[in-house]
Amino acid sequence: MKTKYIFITGGVASSLGKGIISASLGKLLQARGYHITIQKFDPYINIDPGTLNPYEHGECYVTVDGQETDLDLGHYERFTGIQTTRANNITTGRIYMNVIEKERRGDYLGKTIQVVPHITDEIKRNITMMGQDGTYDFIITEIGGTIGDIESQPFLEAIRQLRWELGKDAINVHLTYVPYLAAAGELKTKPTQTSVKQLQGFGIQPEVLVLRTEHELSDELRQKVAHFCNVDTEAVIQSQDLPSIYEVPVNMQKQGLDAICLKKMGVKAGPVPELGPWRSFLERRKKATRRVHIGLVGKYDLQDAYKSILESLAHAGTYNDYKVETTFINSEFITHDNVAEKLAGMAGIVICPGFGSRGIEGKIIAAEYTRTHNIPTFGICLGMQMMVIEFARNVLGYQDANSSEMDPNTPHNVIDMMEEQKTITQMGGTMRRGAYECELVTGSRTWQAYGEETLIRERHRHRYEFNNQYMDEYEQHGMHCVGINPEADLVEIVEIPTLKWYIGTQFHPEYSSTVLRPHPLFMSFMKACIEDL
């Protein structure tokens, strides 16, 4: 089948869940046997989200090929199990950089470079690039931002052109918001009508409308929206608030979102797939009534900053028949005097990743407390490094031990910059990123967690590493280096086997956990957390 394109746009307000709708539609098409992938086009001028503060844009998700991307790609992977790459997330900055580089090479042969056609052609090239080899039946393309944003206009013009060129092989699904005015006791459709008229002003008529709402929409209201927006009534879908984002695919299937999209593109829908494993996950999630409390020790008081970690914990909790309740514990405010109070009631602690010196002493204090009180502890990236520094200070006796990132003059740099990073001057896109191999020590707790595998591949995003000069001392005093990169001999995993569960990973296992394949380390960590409950 010729590759077909579905464009997801949003109107009225941001944060309506275009990424969840894109992932849900991808899941439903996948369940019908189609090969799909999902792209995200972000209208900001940053080349990628790698240099953005998490408060600006949430977590930076990393693909297997090392691209720093928007957090929505995590939703795509968790819902569908696909592996995204550099081609799945494009920003305005990348588009303009590509065009400017071509101009500098002389590719345009002296022409005046303009938004139309040069920028829009580059956008179109990136949208259709993944459809060139026939690998995918459907490519779902989410356009970031909201209709009416100045920076989104070149993307909309590119979509308009592609829809004209591709005919029935391209459709638009527009996500809007239907607010409820409590004082009037009414749901209001005018914002949706206005949003669709704006989209039509760009030459795009949506085939499907998905209406986000906190209240159920009546048939009469949906017919009204269909009438004023030139959309079939059956193609007006409501996306009401649900207890979990993982219920959205089932809700979308119930209303026939995938079948409607197929119909609009001239594809026979066939019988509705059962979504058996997905429904089993949801059923197990609903039946889990016991609760486990996990503390997240970090410095970003924003759930999207640790989105993949939160979802990975939720996956592991479900498959262990527990509901996970997470509590954010700001490491900036942890001291020796209050650490017991801050961590009280937690069955396990995750020491979160991050960059910079703010809040690291609190993470070190938390690591000491959990180590000395035998509380299951999972350190990720910077979290692992803080566990290593704490051990050096309080077990090896190096009171001035630190990372050279935090203190370039420390005499005991147990965490040091990787050799190849020392000549790099630019910040953006220069870290050690993407999937690398790691050899596990046979018999270690980590090895057991991975089902006794000896070679794994996990995703990284860092500049600093465990300093191998201290490896023997750590091993002798009880912190074992149980995961080593075979190419560079870098320490990827440390653990203290005498404790219930005390493991730190230089890589980010949360990037690899999906709904149907929870990550083995999170599963093992969760088992340890609930063991004594």
Side-chain angles (χ1 to χ4, degrees), residues 20 23 54 58-59 61 71 74-75 77-79 241-250 277-331 342-354 363 366-367 369-370 373-381 383-384 445 449 500-505 508-533:
I20 301 300
E59 78 170 0
Y61 188 79
L71 62 80
H75 292 312
E77 293 201 10
R78 283 187 287 272
F79 276 58
D241 286 357
L242 295 168
S244 164
I245 59 173
Y246 300 121
E247 294 183 37
V248 176
V250 175
W278 192 273
R279 290 181 182 273
S280 296
F281 170 81
L282 291 178
E283 190 64 27
R284 197 164 183 175
R285 184 183 175 93
K286 289 176 184 175
K287 287 182 177 178
T289 55
R290 294 173 293 180
R291 298 178 185 276
V292 56
H293 296 268
I294 305 296
L296 266 62
V297 176
K299 66 178 181 179
Y300 301 116
D301 191 3
L302 178 75
Q303 67 171 4
D304 277 357
Y306 306 114
K307 191 64 178 174
S308 291
I309 292 175
L310 291 170
E311 297 305 322
S312 299
L313 288 169
H315 302 159
T318 295
Y319 285 105
N320 280 286
D321 301 313
Y322 269 79
K323 284 191 184 301
V324 177
E325 291 193 354
T326 55
T327 300
F328 176 73
I329 304 165
N330 196 318
S331 59
K342 294 279 189 185
L343 273 53
M346 298 297 122
I349 295 293
V350 177
I351 304 178
C352 296
K363 290 183 178 182
Y369 185 86
T370 58
H373 289 77
N374 201 11
I375 299 171
T377 306
F378 196 170
I380 299 174
C381 199
M384 172 264 207
R445 180 160 291 159
K500 186 183 294 184
W501 208 97
Y502 196 84
I503 295 175
T505 65
H508 290 261
E510 70 271 22
Y511 293 150
S512 304
S513 186
T514 70
V515 172
L516 301 184
R517 295 189 65 185
H519 194 281
L521 279 180
F522 280 95
M523 287 290 287
S524 178
F525 173 64
M526 193 58 61
K527 282 183 170 67
C529 292
I530 65 179
E531 194 174 73
D532 297 326
L533 295 181

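Atoms considered below: every heavy atom in the structure, side chains included; atoms not considered: hydrogens, waters and symmetry mates.
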Donor-acceptor pairs are to be reported for all side-chain atoms of residues 522-533 against protein atoms at under 3.5 Å, with residues two or more places apart or in another chain.
unit_1 : atom_1 : unit_2 : atom_2 : d
S524   : OG     : W501   : NE1    : 2.8
D532   : OD2    : K500   : NZ     : 2.5

Verdict with supporting geometry, F378 and I349, side-chain contact (heavy atoms from CB on, under 4.5 Å): CA-CA 6 Å; F378 196 170; I349 295 293; over 6 Å; no

task: Can you measure from NZ (K307) to NE2 (H75) and round to the nearest 0.5 angstrom?
output: 5.0 Å

- prompt: What's the spacing between E311 CD and I309 CD1 if we round to 0.5 Å?
  reply: 11.5 Å

- prompt: Tell me, do N374 and Y502 make a side-chain contact under 4.5 Å, heavy atoms counted?
  reply: no

Listing, residues 282-292 side-chain donor-acceptor contacts under 3.5 Å, not counting sequence neighbours, or none:
unit_1 : atom_1 : unit_2 : atom_2 : d
R284   : NE     : D321   : OD1    : 2.8
R284   : NH2    : Y319   : O      : 2.9
R284   : NH2    : D321   : OD2    : 3.4
R291   : NH1    : E325   : OE2    : 2.8

- prompt: Hey, are E59 and S308 close enough side-chain-wise for a donor-acceptor pair under 3.5 Å?
  reply: yes

message: Below 30° counts as parallel, above 60° as perpendicular, anything between as tilted: where do the rings of Y511 and Y61 land?
response: perpendicular

Nearest heavy-atom neighbours spanning T514 and E77: CG2-O, 3.5 Å

task: Drop me the distance from I351's CD1 to C381's SG, to the nearest 0.5 angstrom.
output: 13.0 Å

- prompt: Which distance, rounded to the nearest 0.5 Å, do you find between the CD1 of I329 and the OG1 of T327?
  reply: 6.5 Å

query: Do you know which two heavy atoms are closest between L521 and H519, and how far apart they sit?
result: N-ND1, 3.0 Å

- prompt: Is there side-chain contact between P54 and D304, with heavy atoms separated by less than 4.5 Å?
  reply: no

- line: Applied to residues 293-318, the ring pair (Phe, Tyr, Trp, His ring centres under 6.0 Å) test, sequence neighbours excluded, yields Y55-Y300, Y246-H315

- request: Just jot down the side chain to side chain contact (heavy atoms under 4.5 Å, CB included) partners of S280, sequence neighbours excluded, or say none.
  value: none

- prompt: What closest approach, in Å, do I375 and A347 show between heavy atoms, and which atom pair accounts for it?
  reply: CG2-O, 4.2 Å

message: Taking ring pair (Phe, Tyr, Trp, His ring centres under 6.0 Å) as the definition, give me every residue that meets it alongside Y369, ordered by chain and number, with sequence neighbours left out.
response: H373

message: Show the nearest heavy-atom pair for residues K363 and P353, with the distance to one decimal.
response: NZ-O, 3.7 Å

statement: For S331 and V297, the nearest pair of non-hydrogen atoms, with its separation, is CB-CG1, 3.8 Å

- request: Supply the atom-to-atom distance Q303 CD to L310 CG, rounded to the nearest 0.5 angstrom.
  value: 6.5 Å

field: Point-to-point distance, once rounded to the nearest 0.5 Å, from OG1 of T326 to CG of L296
entry: 6.0 Å

task: Tell me, please, which residues at least two apart from T370 pass side-chain hydrogen bond (donor to acceptor under 3.5 Å, both in side chains).
output: T377

query: If you look at every heavy atom in V324 and L313, which pair is closest and at what distance?
result: CG2-O, 3.3 Å

field: Stepwise side-chain contact (heavy atoms from CB on, under 4.5 Å) check, E510 with I380
entry: CA-CA 9 Å; E510 70 271 22; I380 299 174; 3.7 Å; yes

